[in-house]
Amino acid sequence: MSEQASQKNEFHLPNLERQPFEPRALQSIILSTLTFCMAIIACIPLFSVLIMLLYRGGKRITFEVFYALPSTAFDVGGGFGNAIVGTLFMVGIASLISVPFGILAAIYLAELAPESKIATVASFCAKVLSGLPSILAGVFAYAAVVLLMGSYSAWAGGIALAILMVPTVMLTAEEAIKMVPQPMKEAAAGMGCTPAQAMLKIILPVAVPGIITGVVLAVARAAGETAPLLFTALFSDYWLRPNEPTASLAVLIYNYSGMPFPNQIELAWAASLVLVLLVFILNLISRAIGRRKTV
Amino acid sequence: MEATATETTAETSIEAVAQATATGTADLDPEAITLDCQAEKIFYGDFLAVRDSHVPIARNQITGFIGPSGCGKSTVLKSINRMNDLIPGFRFMGKVYFHGMDIYDKKVDPVAVRRNIGMVFQQPNPFSMSIYENVAFGLRLNRFKGNMDEKVEKALRGAALWDEVKDKLKNNGLSLSGGQQQRLCIARAIATEPRVLLMDEPCSALDPIATRQIEELMVQLKERFTVAIVTHNMQQAMRVADQTAFFAVDISRGGRTGYLVEMGATKELFANPQEQLTKDYLHGEFS
Ligand SMILES: Nc1ncnc2c1ncn2[C@@H]1O[C@H](COP(=O)(O)OP(=O)(O)OP(=O)(O)O)[C@@H](O)[C@H]1O
Ligand SMILES: [Mg+2]
């Protein structure tokens, strides 16, 4: 009786004990369980792909696959050294084009004229471009480079990949530059830096980890692209000659996985594993660099 | 200069300030004016932020800017070294004479102005580099070709920070505490020996001890530099400023425009302010 009275009393001490069956608590428990399950499920595709690749492709990974050329239809053995070189070469070309381009554009967008018409339009275009189906980049490079040069080539492949990389590099670099604290930028101006000095000595050094993260992610994506290369670099069974059709891991997988020869199918699995590991390692590198951020 | 500010006790330095303040004259000798800020109108876009403020800043003295929030103290202070040029829409009408030269003249390079008129901001803002490099930064910018170590040590001693950081000069400036960071920013600003040092509420993020250290430092600094400081703390203005400028907001014309109400030797201004506004403001502060 007296207990009831004291519960009605407004000034009674609040009850701090857990009440697991209150609707509020139940809701919270259900929600956190649900999100936990979804997080686990989200990991399943990556791990199942990895496990399958390790199982199917792992046994074919020998030294030979890294340096040998593909074997002919009914042969055994062989490798895809040319495809690895081709992928590295074309991704390298794409990076050489897109990284300076993207970073310079990002400097303009983030620092020099963030409010200007050009900046608004450019940043909108970059966002649209980053969602562009990659095959369209291939079609564009086909029309712009392949038809002009008269032949499929590693250059055309590199340009197609660059088109895909530019928006990623540009948008992440813009973000990284904008993340540099405003007071630090003011301090640079206050010390008597010209805008160029402030950018080179103060802002870029702080933004570099963020920029590198973006570049690595863009490279990882470009390394796995198939569609744009089908239109531009095509494929080749020989070592790299930049003016001619060029092999790449992605297109090799696409071609060989459909062949009726067990050796080629094994090579396709092994190439898939190499490609996934490459992307995986690049992602780890970008995370490691991202974590080193000082600000 | 070798005796660090931390060694002097607060009491003795206040006495020193009181004496210095007593000798500060109300009508300044025109020869002694290093900087003559004659702001007629200062705009942010269409917004008239400050009008009709004539603030002469005397050499080797500390000039304090006081007044309610939003009255344009920072605006005027930052106009003095053209920091506001970075803000889109900013317009300054008037003149700022620095050794007889109008720094808003078309011929003048704002970057050069900022190299001669240093600034310490309200929030400590060291660069993300080592303590040593922070201090050396301005010297390198000015292509200084001498004994860098010596200069860095001198600046750090001048900012009463040397003893605390001499063993970790390679550590990042951002790893210091807030008060140490602010003193690092002061060291960075005085390393290049600018003629004038502008400080916008340099102690607002600091505890009372660090505040005292910085106040003592300012009193030492004025032997070599000319200092202008914005402060919300009346006691601080009394302790350090030789001259004090009181700003207020004028809401009569529909806007919220700041202007200089009166300016004079600190003791004079606090003891018998000429304007009713000043009286009310000081009265509110001290009652
Ligand atoms: N970058 C800016 N853009 C537009 N208006 C501004 C800008 N900076 C300041 N103002 C306006 O100018 C007026 C004066 O601001 P200022 O910062 O100079 O005041 P203050 O006296 O320093 O105030 P506080 O004591 O709070 O720092 C205010 O009304 C403010 O809103
Ligand atoms: Mg202010």
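By convention in this document, chain letters (A, B, ...) are assigned in the order of the sequence lines, proteins followed by strands, and residues within each chain are numbered from 1.
- Residue A:Glu186 touches chain B through both its backbone and its side chain, counting heavy-atom pairs closer than 4.5 Å.
- Atoms CZ and NZ, from B:Phe127 and A:Lys201 in turn, are 10.5 Å apart once rounded to the nearest 0.5 Å.
- More than 12 heavy atoms of other residues, nucleotides or ligands lie within 6.0 Å of OH in B:Tyr104, so this atom counts as buried by the packing criterion.
- Among residues 106-116 of chain B, the residues having any heavy atom closer than 4.5 Å to a heavy atom of chain A are, in sequence order, B:Val111, B:Arg114, B:Arg115.
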**Q.** CA sep, side-chain torsions, deciding dist, call: B:Asn125, A:Gln182, side-chain contact (heavy atoms from CB on, under 4.5 Å)
**A.** CA-CA 9 Å; B:Asn125 52 3; A:Gln182 190 60 30; over 6 Å; no
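- For B:Ser53, there are no side-chain hydrogen bond (donor to acceptor under 3.5 Å, both in side chains) partners at least two apart in sequence or on another chain.
- Residue-environment remark: CZ (B:Arg195) stays at or below the threshold of 12 foreign heavy atoms within 6.0 Å.
- The two residues B:Arg188 and A:Ala187 come nearest to each other via the heavy atoms NH2-CB, 3.4 Å.
- Remark: B:Asn147 CG is packed, more than 12 non-hydrogen atoms of other residues, nucleotides or ligands lying under 6.0 Å away.
- Of the residues considered (B:Met119, B:Met83, B:Lys78), B:Met83 shows the highest number of contacts with chain A, using heavy-atom pairs under 4.5 Å.
- Looking at A:Lys185, neither its backbone nor its side chain comes within 4.5 Å of chain B, counting heavy atoms on both sides.
- By the neighbour-count criterion of 12 heavy atoms within 6.0 Å, atom CD1 of A:Ile118 is sparsely surrounded, having that number or fewer from other residues, nucleotides or ligands.
- Under a cut-off of 6.0 angstrom, the local environment of CZ in B:Phe90 is crowded, with over 12 non-hydrogen atoms contributed by other residues, nucleotides or ligands.
- Contact residues of residues 138-145 of chain B toward chain A are B:Gly138, B:Leu141 (heavy-atom distance under 4.5 Å).
- Within residues 163-173 of chain A, no residue has any heavy atom under 4.5 Å from a heavy atom of chain B.
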